[in-house]
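Computed over heavy atoms, backbone and side chain alike; hydrogens, waters and symmetry mates excluded. Within every chain, numbering begins at 1; the chains are lettered A, B, ... in the order of the sequence lines, protein sequences first and strands thereafter.
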Amino acid sequence: MSDPVLLLGDRFQAALVLAFGPEHAGVDPAIRPSNHADFQANLALGLAKTLKKSPRDVAAAILAKLDGTGVVERTELAGPGFINIWLRAEFLSAEVARVAAAGTAGVEAHPTPERIVIDYSSPNVAKEMHVGHLRSSVIGDALARVLEALGHTVLRQNHLGDWGTPFGMLIEHLLDEGADADAHSIRDLNAFYQAARAKFDASPEFAARARVRVVSLQSGDEATLGFWRKLVEASRTHFNALYRLLGVTLKDEDIAGESLFNPMLGEVVSELESMGQCVENEGAKCVFVPGYVGRDDKPLPLIARKQDGGYGYAATDLAAIRYRLQTLNATRILYVVGAPQTQHLAMIRDAAIQAGWLALPARAEHVAFGSVLGEDGKVLRTRAGATVRLIELLEEGVERARSIVAEKAPELPIEQRDAIARAVGIGAIKYADLSSDRVKDYVFDWSRMLAFDGNTAPYLQYAHARICSILRKSNESVELASIAISEPQERVLALSLLAFPRALADVAESLSPHRLCGYLYDLATAFSAFYEHCPVLKAATPEVRRSRLLLSATTATVIARGLELLGIEAPEKM
RNA sequence: GCGCCGGUAGCUCAGUUGGAUAGAGCGUUGGCCUCCGAAGCCAAAGGUCGUGGGUUCGAUUCCCCCCCGGCGCGCCA
């Protein structure tokens with residue numbers, strides 16, 4: 001247990017029970033980092049009323065029973081009833097040394113691991129990925145990495161848009177043109193998609209054929225399926241290249257697109273019908289969930305089966321949630337999907353509860369996120385008004401980073417500069433996306449995300465590279481060194497290092513990667529202050545030098561590990 | 001009309017789940033390289049936490065009414 005908050009929590013709970021009886025065993029000791037001390041315990045203020053004593057008396061009684069052996073240097077009763085806590089320097093030293101020796105940055109596996117499905121990225125076949133797919137891919141991947149690091153079993157599900165109406169018009173258009181899908185790069189298919197779309201909107205005759213083609217696709221017509229497979233294959237190559245460049249861990253085996261659920265749709269609908277949960281309404285088969293009304297004040301349905309006999313996304317999503325619960329045995333399902341789909345996903349979740357598929361302790365959560373905006377405050381688009389292609393965005397990021405690296409580190413060989421440019425450029429884009437509260441929109445701004453000041457990837461990468469430089473120069477193995485905390489900057493750094501597991505737990509609970517970003521920024525800032533005030537290589541004694549080297553090495557480990565969990569590289573030079 | 005999400009320094013954003021004097025970066029002003037990477041550090045100035053109520057020892061945080069902005073609301077996904 002390297003986290004002082006947990007250890008102090010145990011000690012204070014024990015003291016509380018000794019002071020006021022076992023009925024208080026479950027009370028949150030409310031240990032918080034403090035501006036006035038290392039930590040503060042706020043439990044006395046909340047207990048005062050139920051105990052019918054003044055908060056200060058409660059705090060004093062708890063302090064009288066507190067066993068701080070080996071951990072607490074001193075305590076202080078302050079203000080209306082706050083308990084300020086200072087930790088023993090020896091305790092901090094030993095805990096940091098343990099973190100350093102364990103090589104896991106202090107993170108321990110969760111006592112009750114879960115099977116967590118994460119639905120993320122989900123691009124559309126036969127369309128290029130655009131900036132809209134960035135957030136789902138990057139946020140979902142960070143959550144997958146963090147939850148895995150905490151010991152959970154993560155089942156990545158890339159819910160590809162590889163089925164449905166668009167394929168009718170795409171295949172029909174391909175047949176019209178006599179084109180061979182093999183000959184087209186994905187970029188051509190992108191243009192192809194737009195042409196098909198235009199035709200679909202302009203020609204009722206074409207639209208009718210497209211709808212018929214959808215039906216033959218859904219009914220398994222071999223010729224139709226042949227074209228479909230070519231489209232899927234070409235798209236998958238494109239997606240994989242982007243995932244590799246972007247550093248997203250999705251693999252082919254994580255693909256669980258809409259087509260996977262096609263064979264289940266009829267069965268899902270008839271199961272819902274037999275339970276009386278799906279009823280005929282205006283020619284469609286509908287699931288009604290209480291609490292949802294439309295514009296006209298009438299109950300809002302999920303359309304499980306359309307008037308024309310086809311199935312829409314509601315049917316697919318119902319089949320998917322059932323599959324994830326009953327076949328994948330998920331205990332937790334995370335949908336990393338944009339905020340506009342909040343109502344739809346809530347209806348899917350409630351319908352699954354209503355059908356008895358989803359029951360506690362299993363749960364389904366929408367990890368909603370806002371839009372990427374341009375400088376005009378509107379959804380990011382190119383100057384021509386088109387959606388921004390993700391590949392172009394990433395390449396521009398790498399290019400901008402490349403010129404900065406060429407300026408700052410001209411002495412490095414070109415191959416190494418290229419690798420650094422990728423790490424910095426891609427890292428900056430991902431970090432900008434991850435570091436703000438995901439439910440909010442954010443403005444895409446190159447100069448801010450590539451800055452070396454503030455809460456950015458380059459700042460963290462720089463802090464890491466600078467430590468690596470010190471370690472290279474030290475020419476000394478410090479694995480077994482002991483740590484001595486004497487300067488205030490060393491204490492702040494040690495406390496920050498020990499907070500890493502807490503930061504990860506926080507991300508897992510809030511499903512907000514930006515909490516990890518905030519933590520890493522604090523850590524890097526703490527290291528910078530330490531670096532300025534505490535000479536490492538030129539420390540006064542060999543013992544202090546070794547201690548500070550180990551503190552530095554541990555910081556580098558935690559920063560690199562934290563960035564890795566965000567899906568961002570940490571170069572040793574930059 | 002109903003619903004969801006936002007509103008914190010000039011700008012861009014945090015705020016550890018109700019705690020003490022609301023914090024960063026940019027920008028502005030002023031300092032720090034004969035010294036481990038200055039892509040860095042230190043400091044100053046800058047706030048009616050959208051408005052008004054409520055809950056209580058205590059509210060940026062929880063509840064309610066408004067104001068402003070974004071998004072969603074039957075066979076697209």
Side-chain angles (χ1 to χ4, degrees), chain A residues 5 30 32-36 40 42 45-46 48-49 54-55 78-82 84 122 124 161 164-166 258 281-286 291-308 310-314 316-317 338-344 346 368 370-371 373 377-379 404-405 407-409 424 435-437 439-443 445 447-448 451-456 458-459 461-463 465-471 473-474 499 502-503 506 509-510 514-515 517-519 521-522 525 528-529 531-539 548 552 573-574:
Chain A
V5 168
R32 306 278 185 268
S34 177
N35 293 326
H36 302 86
Q40 62 186 66
N42 300 339
L45 298 117
K49 185 179 286 181
S54 84
F82 300 108
N84 289 333
S122 309
N124 294 313
T165 321
E258 294 167 345
N281 187 280
E282 297 174 22
K285 295 189 176 179
C286 299
Y292 299 92
V293 292
R295 219 188 295 270
D296 53 9
D297 268 0
K298 292 196 328 202
L300 187 66
L302 281 168
I303 310 274
R305 188 169 174 274
K306 300 187 287 184
Q307 287 172 339
D308 65 5
Y311 298 100
Y313 68 111
T316 308
D317 286 344
Q341 295 203 47
T342 300
Q343 180 177 267
H344 168 70
S371 308
L373 307 180
K378 305 199 169 193
V379 174
I404 296 169
V405 173
E407 178 194 330
K408 303 284 187 187
V424 172
S435 60
S436 68
D437 189 352
V439 305
K440 298 184 185 177
D441 298 346
Y442 76 94
V443 177
D445 182 336
S447 62
R448 207 164 50 239
F452 304 101
D453 303 301
N455 190 9
T456 65
Y459 178 84
Q461 289 168 324
Y462 172 72
R466 193 157 63 164
I467 297 171
C468 289
S469 171
I470 295 172
L471 296 177
K473 289 199 169 112
S474 78
R502 205 179 326 140
D506 202 12
E509 186 178 335
S510 63
H514 82 284
R515 305 262 187 145
C517 298
Y519 164 76
Y521 181 56
D522 285 345
T525 302
S528 291
Y531 174 85
E532 293 293 327
H533 292 95
C534 306
V536 178
L537 296 178
K538 295 174 181 170
R548 289 180 179 169
S552 300
K573 290 182 184 177
M574 61 186 282

*Euclidean distance, atom CG of residue A:N455 to atom P of B:A24 [Å, nearest integer]*: 13 Å
*Phosphate contact (B:U17 OP1 or OP2) by A:R32 side-chain N/O below 4.0 Å*: yes
*For B:G74, does the glycosidic angle fall within 90° of 0 (syn) or outside that (anti)?*
syn
_Assigned partner base of B:C2, Watson-Crick or wobble definition, under 3.5 Å_ = B:G72
*Nucleotide opposite B:C41 in a Watson-Crick or G-U pair, distances under 3.5 Å*: B:G31
*Out of B:C5, B:C13, B:A39, whichever nucleotide has its closest atom nearest the side chain of A:V439*: B:C5
*asked:* So is the aromatic ring of A:F82 stacked onto the base of B:A20, judging by whether the centres are under 5.5 Å apart and the planes are under 30° apart?
replied: yes
*B:U55, syn or anti by chi within 90 degrees of zero*: anti
*From A:R448 CZ over to A:N455 CG, what is the distance, rounded to the nearest 0.5 angstrom?*
11.5 Å
*What nucleic acid atoms does A:Y519 come within less than 4.0 Å of, heavy atoms only: base, sugar-phosphate, or nothing?*
nothing
_Side-chain heavy atoms of A:P301 within contact of A:E282, under 4.5 Å_ = no
*Consider the side chain of A:K538, meaning its heavy atoms from C-beta on, and name the nucleotide among B:A14, B:A20, B:C35 that approaches it most closely.*
B:C35
*Would you classify A:S528 as touching base, sugar-phosphate or nothing, given that sugar-phosphate means primed atoms plus P, OP1 and OP2, and contacts are heavy atoms under 4.0 Å?*
sugar-phosphate
*Over all atoms of both residues, closest heavy-atom pair of A:A465 and A:M574*: CB-CG, 3.8 Å
*Considering only the P atoms, how many Å lie between B:U17 and B:G52, rounded to the nearest integer?*
27 Å
*Given that both distances must come in under 3.5 Å, which nucleotide forms a Watson-Crick or G-U wobble pair with B:C26?*
B:G10
*Which of the following nucleotides, B:G19, B:C36, B:G37, is nearest to the side chain of A:N42?*
B:G19
*Separation between the C1' atoms of B:U60 and B:G15, rounded to whole Å*: 8 Å
*Could you tell me whether A:Q461 contacts a base, only the sugar-phosphate backbone, or nothing, with contacts defined as non-hydrogen atoms closer than 4.0 Å?*
nothing
_Sidechain-backbone polar pair: A:D441 side chain, A:G370 backbone, donor-acceptor under 3.5 Å_ = no
*How close or far is atom P of B:A22 from atom CG of A:N35, stated in whole angstroms?*
10 Å
*Send over the distance from A:L45 CG to B:C57 P, rounded to a whole Å.*
12 Å
*Has A:S469 got a side-chain N or O lying under 4.0 Å from the OP1 or OP2 atom of B:G37?*
yes
*asked:* Please give the distance between the P atoms of B:G46 and B:A22 as a whole number of Å.
replied: 13 Å
_What is the distance, to the nearest angstrom, from the CD atom on A:Q40 to the C1' atom on B:U16?_
12 Å
*Treat primed atoms plus P, OP1 and OP2 as sugar-phosphate and everything else as base, then score nucleotides 69-77 of chain B 5' to 3': B for base contact with protein heavy atoms under 4.0 Å, S for sugar-phosphate contact only, - for none.*
--SSBBBSB
*asked:* Without decimals, in angstroms, what is the distance between A:D445 CG and B:C13 C1'?
replied: 12 Å
*Could you tell me whether the side chain of A:K306 reaches within less than 4.5 Å of the side chain of A:Y311, counting heavy atoms only?*
no
*Starting from P on B:U12, measure out to OH on A:Y521 and report it in whole angstrom.*
18 Å
_A:K440 side chain near B:A14 phosphate (N/O to OP1/OP2, under 4.0 Å)_ = yes
*Locate the shortest heavy-atom distance separating A:L471 from A:S474; write the atom from each residue and the value.*
O-OG, 2.8 Å
*How many angstroms lie between SG in A:C468 and CD in A:Q461, if you round to the nearest 0.5 Å?*
11.5 Å
*Please state the P separation for the pair B:C26 and B:G18 - nearest whole angstrom.*
32 Å
*With C1' as the reference atom in both, quote the distance from B:U8 to B:U61 in angstrom, rounded to an integer.*
12 Å
*Atom pair CZ (A:R515) and CG (A:D437), whose distance is rounded to the nearest 0.5 Å*: 8.0 Å
*Given B:C41, B:G37, B:U17, the nucleotide with the shortest approach to the side chain of A:I470*: B:G37
*So what does A:D437 touch, heavy atoms closer than 4.0 Å: a base, only the sugar-phosphate, or nothing?*
sugar-phosphate
*Centroid distance under 5.5 Å and plane angle under 30°, A:H514 vs B:A14*: no
*Which part of the nucleic acid, if any, lies within contact of A:A465, taking any heavy atom under 4.0 Å across all strands shown: a base, the sugar-phosphate backbone alone, or nothing?*
base
*Would you please confirm or rule out a distance under 4.0 Å between OP1 or OP2 of B:C11 and any side-chain N or O of A:R448?*
no
*So what does A:Y459 touch, heavy atoms closer than 4.0 Å: a base, only the sugar-phosphate, or nothing?*
sugar-phosphate
*asked:* Minimum heavy-atom separation for A:I303 and A:C286, please, with both atom names.
replied: CD1-SG, 4.0 Å
*In whole Å, what is the span from the CG atom of A:L373 to the P atom of B:C11?*
16 Å
*asked:* Can you confirm whether or not the ring centre of A:H36 sits under 6.0 Å from the ring centre of A:F82?
replied: no
*asked:* Nearest 0.5 Å, please: how far is OG in A:S528 from CD1 in A:I467?
replied: 8.5 Å
*For A:N84 and B:G19, what is the distance between atoms CG and P respectively, to the nearest whole Å?*
15 Å
*asked:* On RNA chain B, compare the nucleotides closest to A:H533 and A:G46; which residue's is nearer the 5' end?
replied: A:G46
*What interatomic distance, in whole Å, is found between P of B:C33 and the corresponding atom of B:A39?*
15 Å
_N-glycosidic conformation, B:C41 - syn within 90 degrees of 0, else anti_ = anti
_For a quick check of understanding: with a heavy-atom distance under 4.0 Å over all strands, which category does A:D453 fall into, base, sugar-phosphate or nothing?_
sugar-phosphate
*Between B:C63 and B:G3, how far is it from one P atom to the other, in whole Å?*
15 Å
*Pick base, sugar-phosphate or nothing for A:C534, based on heavy-atom distances below 4.0 Å to the nucleic acid.*
base
*NA contact type, A:K49, heavy-atom cut-off 4.0 Å: base, sugar-phosphate, or nothing?*
sugar-phosphate
*Gap in Å between the two P atoms, one belonging to B:G30 and one to B:C68, rounded*: 43 Å
*Give one of base, sugar-phosphate or nothing for A:A78, where a contact means two heavy atoms less than 4.0 Å apart.*
base
